[in-house]
Chemist: 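Handing you this structure, nothing more for now.
Order of listing sets the numbers, starting from 1, for every ligand and every atom in it.
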Amino acid sequence: MRHGITLSAFLQQEQRLHDLSADLAGVIDDMARAIKQIAHHVSLGALGGVLGNTDAINIQGEVQKKLDVEANDIILRCHETSGRVAAMASEEMDSIYLLPIGERRGDYLLVFDPLDGSTNIDINLSIGTIFSVLPCPRGVTEPRESDFLQPGRNQCCAGYALYGQATILVLTLGRGVVSFTLDRAVGEFILVQDSLHIDTEGHEYAINTSNWRFWEPPIQRYIEECHAGTTGPRGKNFNMRWMGAMVADCHRVLSRGGIFLYPRDLRDPTKPGKLRQLYEANPMALLAEQAGGVASTGRQAILDLLPKTLHQRIPVILGASEEVRLIENYYRDHPIHPE
Ligand code: P6P
């Protein structure tokens, strides 16, 4: 019934009907403005002079792409003078970002992956921006890293942009999941879906199968049974997709069901996973749960996990409830790995 309204109208409605705070509505509006700017740079491709690598390595140990840095700066600029956020953190910045001196500190902490799927940038494949909004602890005006270390269940808002054929914005405020498409002619995000839903059953899985030999047995068992299809214990055939960008794979799960997995693997037993909790796992987990799905590490709900560090990595298994619960059962039969 709300299809066709703009993001601004949607946010006004949420303020009127659901007490959405004006400042949180403003944070979302500022993020939408940043996404429009990033979408423009992304759309230029090789003509924009922002393809290729910088000569920097980020804290993740990954080569920073020029567009990673560009997108990161755009998001900082769109929020640092709004008076709505108190500080920010990003995959591309080693430590938290404090606002310029003199700028009003707001009530929210913004964490984001400015450009998820960076290895897809130079080959014109799916990339996106993932963001999460946390409450700034009351009375804190100069946040420290520890103020960001909140469980994902604390998120006030989570969402992502996907820069594909269309630029879309998917969002949750804790009352379901809505999706907008950018109308470039007028520069407005238009509501196109007002309740994304993940079916309990799934038949499509996303995982990087080249890591097979490093997976823990519960994951090997689950994927083996998917491969067996109707001849195996699942009694149904599965399809596989892997986009190399969490934002794209998770959007497919939110749009047509299935499951996304980036489990803990034994390539580096000291690493609990590849994906980062604060700005990849937590926002996607909230969206998945709000769409009727489940988001788990394999052993517990992602949203209940207290992060230990800003760039904490965790295993991610999210999507169709029946699929994720089956994997959790397999983990229950598998001894806990030493931390
Ligand atoms: P792999 C992108 O670098 C990312 O962080 C996620 O967006 C994506 O799902 C994953 O890594 C891809 O990892 O090991 O398949 O290259």
Side-chain angles (χ1 to χ4, degrees), residues 35 38 42 51-54 56-69 71-72 89-93 111-132 158-164 168 170 204-216 219-220 223 240-255 258-269 271-288 293 295-298 302 307 309-319 324:
I35 288 166
I38 296 168
V42 166
L51 294 189
N53 300 339
T54 67
I57 303 287
N58 66 18
I59 191 169
Q60 322 292 340
E62 297 161 349
V63 174
Q64 269 190 324
K65 299 281 191 181
K66 289 178 189 169
L67 212 42
D68 281 327
V69 176
N72 193 72
S90 151
E91 175 178 304
E92 300 304 332
M93 299 187 294
V111 291
F112 54 92
D113 181 355
L115 222 46
D116 174 61
S118 301
T119 55
N120 286 346
I121 293 174
D122 296 348
I123 52 173
N124 200 44
L125 292 181
S126 298
I127 51 178
T129 297
I130 308 173
F131 61 93
S132 163
Y160 61 81
L162 191 56
Y163 308 109
I168 63 168
V170 176
E204 201 162 48
Y205 65 91
I207 192 168
N208 182 337
T209 51
S210 69
N211 297 323
W212 173 279
R213 64 189 182 285
F214 302 115
W215 293 338
E216 296 175 305
I219 299 296
Q220 289 179 332
I223 298 298
M240 193 279 273
R241 287 284 183 274
W242 188 248
M243 307 292 284
M246 179 191 201
V247 63
D249 282 313
C250 288
H251 182 64
R252 188 192 50 257
V253 169
L254 278 160
S255 303
I259 186 172
F260 169 84
L261 307 93
Y262 211 113
R264 175 180 183 268
D265 63 49
L266 303 176
R267 278 176 288 178
D268 177 352
K271 267 192 191 165
K274 171 175 186 182
L275 301 179
R276 277 62 51 150
Q277 183 177 352
L278 263 72
Y279 38 79
E280 290 176 319
N282 279 351
M284 288 306 186
L286 183 62
L287 287 156
S296 173
T297 64
I302 285 173
T309 61
L310 192 64
H311 299 289
Q312 158 108 28
R313 297 169 186 264
I314 61 169
V316 177
I317 300 161
L318 64 81
V324 180

Chemist: Taking atom types as modelled and ignoring hydrogens, do the side chains of Ser132 and Asn282 form a donor-acceptor contact shorter than 3.5 angstrom?
Modeler: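 The criterion, which ignores hydrogens and geometry beyond distance, is not satisfied for Asn282 and Ser132.
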Chemist: Could you say whether the N/O atoms of Asp116 and ligand 1 ever approach to under 3.5 Å?
Modeler: yes
Chemist: Under 4.0 Å, heavy atoms only, figure out whether ligand 1 is touched by the backbone of Arg276, its side chain, both or neither.
Modeler: side chain
Chemist: Quick check on contacts: which atoms of ligand 1 are under 4.0 angstrom from a heavy atom of Leu275?
Modeler: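 Per the distance check, 5 (O), 6 (C).
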Chemist: Assess whether side-chain hydrogen bond (donor to acceptor under 3.5 Å, both in side chains) is satisfied between Asn72 and Ser90, documenting all intermediate values.
Modeler: CA-CA 8 Å; Asn72 193 72; Ser90 151; 2.6 Å; yes
Chemist: Does the Thr54 side chain pair with the main chain of Lys65, one donor and one acceptor, at a distance under 3.5 Å?
Modeler: no
Chemist: Out of all atoms in ligand 1, which are within 4.0 Å of some heavy atom of Lys274? Include the element for each.
Modeler: 1 (P), 3 (O), 10 (C), 11 (O), 12 (C), 13 (O), 14 (O), 16 (O)
Chemist: Just by distance, do the side chain of Asp113 and the backbone of Tyr279 share a donor-acceptor pair under 3.5 Å?
Modeler: no
Chemist: In sequence, state the C-alpha distance, the side-chain angles, and the governing distance for Ile219 and Ile317, and then conclude on side-chain contact (heavy atoms from CB on, under 4.5 Å).
Modeler: CA-CA 10 Å; Ile219 299 296; Ile317 300 161; 4.0 Å; yes
Chemist: Which atoms of ligand 1 have any heavy atom of Asn208 under 4.0 Å away?
Modeler: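 Per the distance check, 1 (P), 14 (O), 15 (O).
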Chemist: Gly244 heavy atoms, cut-off 4.0 Å: which ligand 1 atoms fall inside?
Modeler: 2 (C), 8 (C)
Chemist: Could you find the nearest protein heavy atom to atom 14 (O) of ligand 1 and give me its residue, atom name and distance?
Modeler: Tyr262 OH, 2.6 Å
Chemist: Between Glu280 and ligand 1, which part of the residue brings a heavy atom under 4.0 Å of the ligand: side chain, backbone, both or neither?
Modeler: side chain
Chemist: Need the ligand 1 atom indices (1-based, order shown) with element for anything under 4.0 Å from a heavy-atom of Met246.
Modeler: 6 (C), 7 (O), 8 (C), 9 (O)
Chemist: May I ask you to decide if Gly128's main-chain N or O and Asp116's side chain share a donor-acceptor pair within less than 3.5 Å?
Modeler: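 Side chain of Asp116 to backbone of Gly128: no pair is present.
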Chemist: Decide if atom CG of Asp268 counts as having more than 12 heavy atoms of other residues, nucleotides or ligands within a radius under 6.0 Å.
Modeler: yes
